*Asks:* 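Encoded as structure tokens, here's the structure I'll be asking about.
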Amino acid sequence: MGTRRVLVTGCSSGIGLAVAVRLAKDELRRFKVVATMRDLGKRGPLEKAAGDSLNKTLEIKELDACCEASIKECVNSLPNRRVDVLVNNAGVGMIGPLECQSIAAMKELFDTNFFGLVRLVKEVLPDMKQRQSGHIVVMSSVMGIQGLLFNDVYSASKFAVEGFCESLAVQAMKFNIKTTLVEPGPVVTKFEGKVYDDADNIDLSRTDAETAKIFREIYLPYSKKIFSSLGQTAEEVAEQTVRVITAKEPPLRHQTNRLYMPLTALKHADPTGRLPLDTFYKMTFKYNNLFNATLGVVRMLQRRGGKKY
């Protein structure tokens with residue numbers, strides 16, 4: 001297989017930046033990377049990270065996943081419109097009590113997380129079908145497998161992404177097109193930092209006092225501890241994404257964090273759904289001291305042996 005052109009979205013920071021740079025610096029020079037972002041004014045960190053690969057194996061282009069014209073313009077600018085691998089990474093987050101989230105904000109989130117993916121796939125899929133080759137790689141989340149407290153809307157968008165890709169994958173196989181959902185757990189990036197900054201400043205006046213207390217005093221501290229104990233770096237997720245892209249037979253789903261897998265396994269262990277529901281409820285409201293102690297052990301083991309995923 002020759003050099004493959006990879007179009008990556010959401011490359012101004014975080015996972016998208018890390019994936020684009022890792023592919024561009026591939027020792028075997030297997031990829032030509034088109035790293036895209038909505039606002040080219042934010043290209044500085046990507047240019048710095050790309051180093052010598054900039055304008056050689058990596059070029060930066062503007063692409064707004066919420067705008068069909070922007071997507072079409074970007075793809076049309078490529079030689080023969082060829083995209084061998086699409087890495088859909090652009091996304092936004094949202095956490096907090098449901099009553100505190102506006103419908104308008106929810107629609108904006110879905111416009112990026114779900115419809116952004118749909119727009120991109122609609123643009124590149126016909127060409128991939130014609131060539132009888134291609135790989136659609138989608139940055140999903142473990143929250144596309146299992147819902148999480150106070151992540152109702154974000155999780156819903158990732159469930160939509162998972163259903164869309166699982167359905168599309170059957171048709172795509174007929175045209176020799178691969179589909180992969182990359183499912184990170186907690187990842188420590190500016191993306192998550194902004195989500196938590198927004199959560200710290202959220203107006204909780206539209207919910208009841210008990211829910212506000214649960215969010216402030218239980219969920220936020222727990223969530224931050226989980227990130228510090230189980231969180232991966234964007235570079236670690238990028239490395240696993242490259243493995244998926246270079247695999248002879250790429251999987252439909254790939255979870256990047258083995259430490260988080262026992263939690264997602266609960267869903268498949270009980271078809272009634274009671275087991276994961278009861279487990280998360282007890283972890284949150286009954287056995288918080290045990291949960292904190294477990295996370296402390298995980299942190300200690302990681303410090304001793306280094307993070308391996």
Side-chain angles (χ1 to χ4, degrees), residues 4-21 23-24 31-47 49-50 53-55 57-94 104-131 134-141 153-154 157-158 160-161 164-165 168 172 177 179-182 189-191 194-195 234 238 241 245:
R4 287 193 284 174
R5 183 177 293 118
V6 187
L7 175 65
V8 188
T9 66
C11 294
S12 60
S13 64
I15 294 173
L17 185 153
V19 169
V21 170
L23 288 167
F31 309 104
K32 284 279 190 178
V33 181
V34 182
T36 72
M37 61 187 69
R38 182 175 57 183
D39 181 3
L40 288 179
K42 297 181 179 180
R43 62 191 290 166
L46 175 59
E47 289 180 330
S53 67
L54 185 64
N55 298 324
T57 55
L58 182 145
E59 61 177 324
I60 302 174
K61 288 184 177 289
E62 181 179 350
L63 186 151
D64 181 354
C66 294
C67 176
E68 290 182 58
S70 174
I71 294 169
K72 185 175 290 293
E73 182 178 352
C74 180
V75 174
N76 283 344
S77 72
L78 305 177
N80 301 316
R81 287 176 46 90
R82 187 181 184 97
V83 176
D84 298 299
V85 183
L86 169 66
V87 180
N88 182 84
N89 168 74
V92 294
M94 177 186 290
M106 295 179 196
K107 288 181 176 179
E108 286 183 12
L109 181 143
F110 263 82
D111 198 33
T112 299
N113 292 7
F114 177 67
F115 288 107
L117 165 65
V118 173
R119 293 183 190 100
L120 282 155
V121 172
K122 280 189 68 179
E123 189 63 36
V124 303
L125 184 63
D127 293 329
M128 287 183 173
K129 283 182 175 180
Q130 188 175 26
R131 292 193 304 270
H135 192 177
I136 297 168
V137 180
V138 179
M139 203 58 61
S140 181
S141 168
V153 180
Y154 179 76
S157 73
K158 292 302 183 179
V161 162
F164 172 78
C165 291
L168 185 70
I177 300 167
T179 308
T180 300
L181 290 150
V182 179
T189 66
K190 289 182 179 179
F191 175 91
K194 183 181 184 306
V195 170
T241 303
I245 292 172

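We're numbering straight along the sequence, starting at 1. Source: prediction; values computed, not measured.
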*Asks:* How many angstroms lie between atom OG of Ser53 and atom CD of Glu47, to the nearest 0.5 angstrom?
*Replies:* 11.0 Å

*Asks:* Walk me through it: do Asp64 and Ser70 pass the test side-chain hydrogen bond (donor to acceptor under 3.5 Å, both in side chains)?
*Replies:* CA-CA 6 Å; Asp64 181 354; Ser70 174; 5.7 Å; no

*Asks:* Assess whether atom CZ of Phe115 is packed by more than 12 heavy atoms of other residues, nucleotides or ligands within 6.0 Å.
*Replies:*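 Not more than 12 within 6.0 Å, no.
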
*Asks:* Closest heavy-atom contact between Val161 and Asn113?
*Replies:* CG2-O, 3.4 Å

*Asks:* Run the numbers on Leu120 and Val75 for side-chain contact (heavy atoms from CB on, under 4.5 Å), then give the verdict.
*Replies:* CA-CA 9 Å; Leu120 282 155; Val75 174; 5.9 Å; no

*Asks:* Can you name the nearest heavy-atom pair linking Ser140 to Leu181, along with the distance?
*Replies:* CB-CD2, 3.9 Å

*Asks:* Ile177 and His135: which non-hydrogen atoms are nearest, and at how many Å?
*Replies:* CG2-N, 4.4 Å

*Asks:* Checking side-chain contact (heavy atoms from CB on, under 4.5 Å) between Ile60 and each of Thr36, Val34, Asn55, Leu40, which is the one that passes?
*Replies:*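 In the set Thr36, Val34, Asn55, Leu40, the residue that makes a side-chain contact (heavy atoms from CB on, under 4.5 Å) with Ile60 is Leu40.
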
*Asks:* Is there a donor-acceptor pair under 3.5 Å between the side chain of Asn89 and the backbone N or O of Met139?
*Replies:* no

*Asks:* Should Leu117 and Cys165 count as side-chain neighbours, where that means a heavy-atom distance under 4.5 Å?
*Replies:* yes

*Asks:* Give the minimum heavy-atom separation between Ala35 and Ala20, together with the two atoms involved.
*Replies:*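 Residues Ala35 and Ala20, closest heavy atoms: CB-CB, 3.9 Å.
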
*Asks:* Tell me whether the count of non-hydrogen atoms from other residues, nucleotides or ligands lying under 6.0 Å of CG in Asp39 goes above 12.
*Replies:*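 Buried by this count: over 12 neighbours within 6.0 Å.
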
*Asks:* Within the 4.5 Å heavy-atom criterion, are Glu108 and Val92 side-chain neighbours or not?
*Replies:*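 They are not in contact (no side-chain heavy atoms under 4.5 Å apart), so the answer is no.
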
*Asks:* Are the side chains of Ile71 and Leu63 in contact, using a 4.5 Å heavy-atom criterion?
*Replies:* yes

*Asks:* Could you tell me the separation between the CG atom of Leu86 and the CD1 atom of Ile136, rounded to the nearest 0.5 Å?
*Replies:*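 So the CG of Leu86 and the CD1 of Ile136 are separated by 6.5 Å.
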
*Asks:* What closest approach, in Å, do Val153 and Leu109 show between heavy atoms, and which atom pair accounts for it?
*Replies:*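 Heavy-atom minimum between the residues: O-CD2, 4.0 Å.
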
*Asks:* Taking the basic N atoms (NZ, or NE/NH1/NH2) and the acidic carboxylate oxygens, is any pair closer than 4.0 Å for Glu73 and Lys61?
*Replies:*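 No, no charged N to carboxylate O under 4.0 Å.
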
*Asks:* Just so I know, are the side chains of Cys74 and Leu7 near enough to count as touching, which here means a heavy-atom distance under 4.5 Å?
*Replies:* yes

*Asks:* Using the side-chain contact (heavy atoms from CB on, under 4.5 Å) definition, which of the options Leu58, Val8, Ile245, Val85 pairs with Phe31?
*Replies:*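 When Leu58, Val8, Ile245, Val85 are each tested with Phe31, the side-chain contact (heavy atoms from CB on, under 4.5 Å) holds only for Ile245.
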
*Asks:* Distance check, rounded to the nearest 0.5 Å: Leu78 atom CG versus Arg5 atom CZ?
*Replies:*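 Answer rounded to 0.5 Å: 5.5 Å.
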
*Asks:* Hey, mind stepping through Asp84 and Lys32 against side-chain contact (heavy atoms from CB on, under 4.5 Å) and telling me if it holds?
*Replies:* CA-CA 10 Å; Asp84 298 299; Lys32 284 279 190 178; over 6 Å; no

*Asks:* Measure across Leu17 and Pro45 and return the closest heavy-atom pair with its distance rounded to 0.1 Å.
*Replies:* CD1-C, 3.8 Å

*Asks:* Would a distance-only check, ignoring hydrogens and angles, find a side-chain to backbone donor-acceptor pair under 3.5 Å from Thr189 to Ala234?
*Replies:* no

*Asks:* Would you call Arg81 and Asn76 a side-chain contact if the rule is heavy atoms closer than 4.5 Å?
*Replies:*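 They are in contact (side-chain heavy atoms under 4.5 Å apart), so the answer is yes.
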
*Asks:* The test is side-chain contact (heavy atoms from CB on, under 4.5 Å); show your working for Glu123 and Val83 and say whether it passes.
*Replies:* CA-CA 10 Å; Glu123 189 63 36; Val83 176; over 6 Å; no

*Asks:* Around atom CZ of Arg119, are there more than 12 heavy atoms of other residues, nucleotides or ligands at under 6.0 Å?
*Replies:*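 For Arg119, atom CZ is crowded (more than 12 foreign heavy atoms under 6.0 Å).
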
*Asks:* Would you say Leu168 and Leu125 make side-chain contact, with heavy atoms under 4.5 Å?
*Replies:* yes

